[in-house]
Each structure stands twice: as C-alpha cells, then as structure tokens.
There are 2 protein chains.
Amino acid sequence: MATPTLAEQIAKQLRHEILLGELAPGASVGEREKAQQMGVSRTPMREAIRLLAQEGLLVLRPSMSPIVADPTLKQVEDDLTLIRALEVLSGELACKFASADEIEAIRGLQNRMVEHAAANDMLAFFETDMGFHRAIAQASKNERLDEMHGQLLSRLWRVRYLSARQAWDRSRVLTQHNLIVEGLEARDADLVKQETDSHILHIQRNIQGHFRKDCPSLKTMERQA
Amino acid sequence: MATPTLAEQIAKQLRHEILLGELAPGASVGEREKAQQMGVSRTPMREAIRLLAQEGLLVLRPSMSPIVADPTLKQVEDDLTLIRALEVLSGELACKFASADEIEAIRGLQNRMVEHAAANDMLAFFETDMGFHRAIAQASKNERLDEMHGQLLSRLWRVRYLSARQAWDRSRVLTQHNLIVEGLEARDADLVKQETDSHILHIQRNIQGHFRKDCPSLKTMERQA
DNA sequence: AGGCAATTTTTGGTATACCAAAATGATAAG
DNA sequence: CTTATCATTTTGGTATACCAAAAATTGCCT
C-alpha cells in the first residue's frame, strides 16, 4: 500500500484547484457533486474535504455544502502572527540542531531564489521561497513544529502568492533571507530570530497592502451583510 | 442539526478512554472491532479515529490497526517547546487584547486553584489548571492560536496529568500563576512572557523527571527493538 | 404584491457490502 | 531447528444505498 490513498490524491487535486483559484473563494464544494465530477465515490471525497477543512482551505457548515475559505484580513493576520512565532522558534532551534548539510541546502535554496529572480521567474521564485521557509522548519528537528508550520504555510499559500505578485521588494526578500542564512551558518540564534521576525513582519505589511488594494474581498462583505 | 455528530461523540468517548488510561498506550484500535464494540458502523468510527489521529492521541499505520499513541520523551518535549512558545505569545497578546472581564475570570480560576489545593482535590486542581491556560489562549483573541494551543494541550493532557500527581510543587504552580495573573492585570507583557516561559519550563522538568522514574515506557522500547 | 406555509429537493450523516493488499500463521523443504 | 513459501485471515480503502434534517422552492392565502 505504498500508493497514496485515493482520498489523499483527491485532497491534493482539490488543494491545487483552490490555491490556483480555479475554485474561487466562497465556491460551494458539495461532496456528491464534486465526487461525481471527479469520478470517485463520496467516501474518499468526504475524507478529502475533511482534510482540507482541517487545513483551513475549506470551511464546513452544518447541513450545507462546504465552501472554499475566504479568510478575512484579521484571520490572515492572526495566521501570520502565529507563523511568525513559529518561524522565530524554528530559526532558534535550527541554529542548535540543524546539520551542516541542512544549512547548506538552505543556502542552496537561497541561491536558487537569486537565480529565479534574475530570470524573472515569478512562480519558481515563490515556490522556492516557500521551500526555504519549510526547510528551516524541518531543520528545527521538532516534528510537531514542522507539521504545524507546514499547515499554516499551506493555508497562507494563496494570499501570499497573490500579494507576492507586486514584487517590488524581491530584493528585500533576498536580502533578508541572506541574513537569515548567514545567521544559521554562524549558528547565531539571536540574529536569525531577529531577522526572521523582521522578515515576516514585512510580509505581513505587504499582505495588508494587498488587502486594501483589492478592497476587502467583495464576496466576503456581501456574505457578511 | 444542533446535536453533535455521531463521529464527534465517538471521538469524545475514545478520547476519554485514552486520557484516563482505559485504553493503554500501544493498544490497537481497529475500526471494525471498536465500531462493533460501541454499536456503531465503521464510517463514523473511521472519522472519529481520524480526528484523534489528528490530535495525536492515535497513530495511523498503513494496513494495520491504529494504536493509542505512546509518545517518546523527545516528542513530549517537542510538544512542550511548542506550547511554551504559543503560551508566551498568548500571554503577550492577551496583555494587549484581553478584556477586563476575561482577566478577572482568569484571576477567578487562579483563586479556584488555590481552594482546590487547600482541599487537596487533585483532579479539580488539575482541570482548573488546564482551564487557566486555555483561558489565556482564548484571551489572546487569536482564534488559530487558541485552536492550536487547545490541540496541543489535549495531546499533553495525559502526561501532564500523570506527572502532576507528584505534586510537591503545587505551591510553585500557584506562585507562578499568580505572577502571570498580576502581569495580565498590569498589562505587563514582558512580565507575563517571562513568567509563562519559566512556568512551562518547570513543567517540562517535572515531566522529564516523571519519564525517568517510570522508566522510558517499556512498551515503547520493545516496539523499537 | 407580500408574507407564510407546505412540499419538494438537496445536504451531510450513517450503515453496509465488497475489494485488494498486507500481516499472520501454518506447513513443508532445507 | 530454521527458513521460505503459501494459504488464510484481518485490515483499511472504496463504493453504494438509505435516512433524516434542513434548505430552497412553490404556491396559496391574506
């Protein structure tokens, strides 16, 4: 049974559709409809929906179809506050426990980001960025921490992707990442913590700007009315 | 549909059995067997099992019955490291955002703990202790943070309960809690952070001692061999 | 025309049946 | 006595059928 379970495949597919916007925020995802549409039975579809709900990408409602999450600015900010704390902790632990190889690999990711920025490859740049943060969480050698961080990151994937489009500050990202990597290489926990904190705070500001521009999610406001 | 779903009731029951030790760590919980035993079908039992697995109380194994989790010291320490960070953050945010009523309620919990300690009511003392920490997380007004903190806390419930039996230091707990409450009342984030950090560190030491005494879980060692 | 009520439809929740893969145990060969 | 292999059994995974509750619709009554 080395092959991933069907529910997991469905979850992966759904996650993909949600994060890429093929399934718009607020869209209903009835387990019957979606199951038939994807040619599977309700059981694994149900399980996949639960998985994504747990990840925060879907919201379950009593006696109604689950809908694609459309987080408010407050919710995103809360998530970012949380992820900030987790990444600061990750950085601290990684300074203690990361192997030289792992730090080298992180440096490698940073280098790849430089290349992608030079090549103006937005998507690759972004995905490597996510990988960079994931790698640090893994290097903390704290499995739960890594787990929760990954969950939070996937929850924020879409909004970070959208806000990162206005990439006036790719160079800032690279500079900050560079400081973080240097901190890790020097095993300087204070430096890593400080720079990580600052880095996430900047991301938070970017996202706030993004929300203001796009007008606080029309659909959300309508639903609240 | 105000009544909790059957799967949730099963999960609640199972959680109860696990935390109280009626289901020993390492015990197998096949969905067929347990479902028949509880007089329900496999479907909600399956869902309940997934819920508890997500909470970390059960561990899923490919093509084998799930078993009751029997965390290693390292895993518990990782969880505590994480919860320490989350509670420090909670305390900081609570200083900013908690209402006066909420802080008063937290003070009330502290007073109840004093009474329970005086009455030598272990269980009530412990449960109020848990409520104390939950209340601070809630007062942070960060829903995700509260959510994750609750999850982590329930995961650690059993080991904390067991280690808290050797309650030579109930007075220490009360003293530390008192400092935390005073910090909240004074909205002194630094004090709250510092005392929370210290408090959890002490708990961590207690639990380490508990593990050493009880000999690092025989069953775990056998299974690893 | 507007609101209310009965009915219809859709929803998730649950039970059950079936399947394929993997663990287990028995058995035979070395 | 050990080991390899084959049959059996048990497991979780999946599909399907049924149910009850709640949402949505229709049409009636005011």
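So you know, we letter chains A, B, ... as the sequences are listed, proteins then strands, and number each from 1.
- Listed pair B:Ser63 / D:dT10 fails the phosphate criterion, with no side-chain N or O lying under 4.0 Å from OP1 or OP2.
- In this structure, B:Leu60 atom CG and D:dG12 atom C1' are separated by 10 Å, rounded to whole Å.
- Nucleotides of DNA chain D nearest to A:Thr5 and B:Glu33 differ in position, and the one nearer the 5' end is that of B:Glu33.
- Projected onto DNA chain D by closest heavy-atom contact, A:Gln9 and A:Met64 fall at different nucleotides, the more 5' of which corresponds to A:Gln9.
- Between A:Asp78 and A:Lys74 there is a salt bridge, since at least one side-chain N of the basic residue sits less than 4.0 Å from a carboxylate O of the acidic one.
- In this structure, A:Arg32 atom CZ and D:dA15 atom P are separated by 15 Å, rounded to whole Å.
- When the P atom of D:dG13 is taken as reference, atom CD of B:Glu31 falls 7 Å away, rounded to whole Å.
- Side-chain contact, B:Gln37 with B:Glu33: no donor N or O sits under 3.5 Å from an acceptor N or O.
- At a non-hydrogen distance threshold of 4.0 Å, B:Thr43, B:Pro44 from residues 43-56 of chain B come into contact with DNA chain C.
- For the side-chain hydrogen bond (donor to acceptor under 3.5 Å, both in side chains) with A:Glu102, the lone residue among A:Arg107, A:Lys141, A:Gln138 that qualifies is A:Lys141.
- A donor and an acceptor atom sit less than 3.5 Å apart, one in the side chain of B:Arg42 and one in the base of D:dG13.
- Electrostatic pairing of B:Lys34 and B:Glu17 counts as a salt bridge here, judged by a charged N lying under 4.0 Å from a carboxylate O.
- With sequence neighbours excluded, the residues that form a side chain to side chain contact (heavy atoms under 4.5 Å, CB included) with B:Ala135 are B:Ile106, B:Leu109.
- With rounding to whole Å, A:Gln36 atom CD is found 12 Å from C:dT10 atom P.
- In this structure, a donor-acceptor pair under 3.5 Å is present between the side chains of A:His133 and A:Asp129.
- In this structure, B:Leu6 atom CG and D:dA21 atom C1' are separated by 15 Å, rounded to whole Å.
- Here D:dG12 is the nucleotide among D:dG12, D:dA15, C:dA15 with the atom lying nearest to any side-chain atom of B:Ser65.
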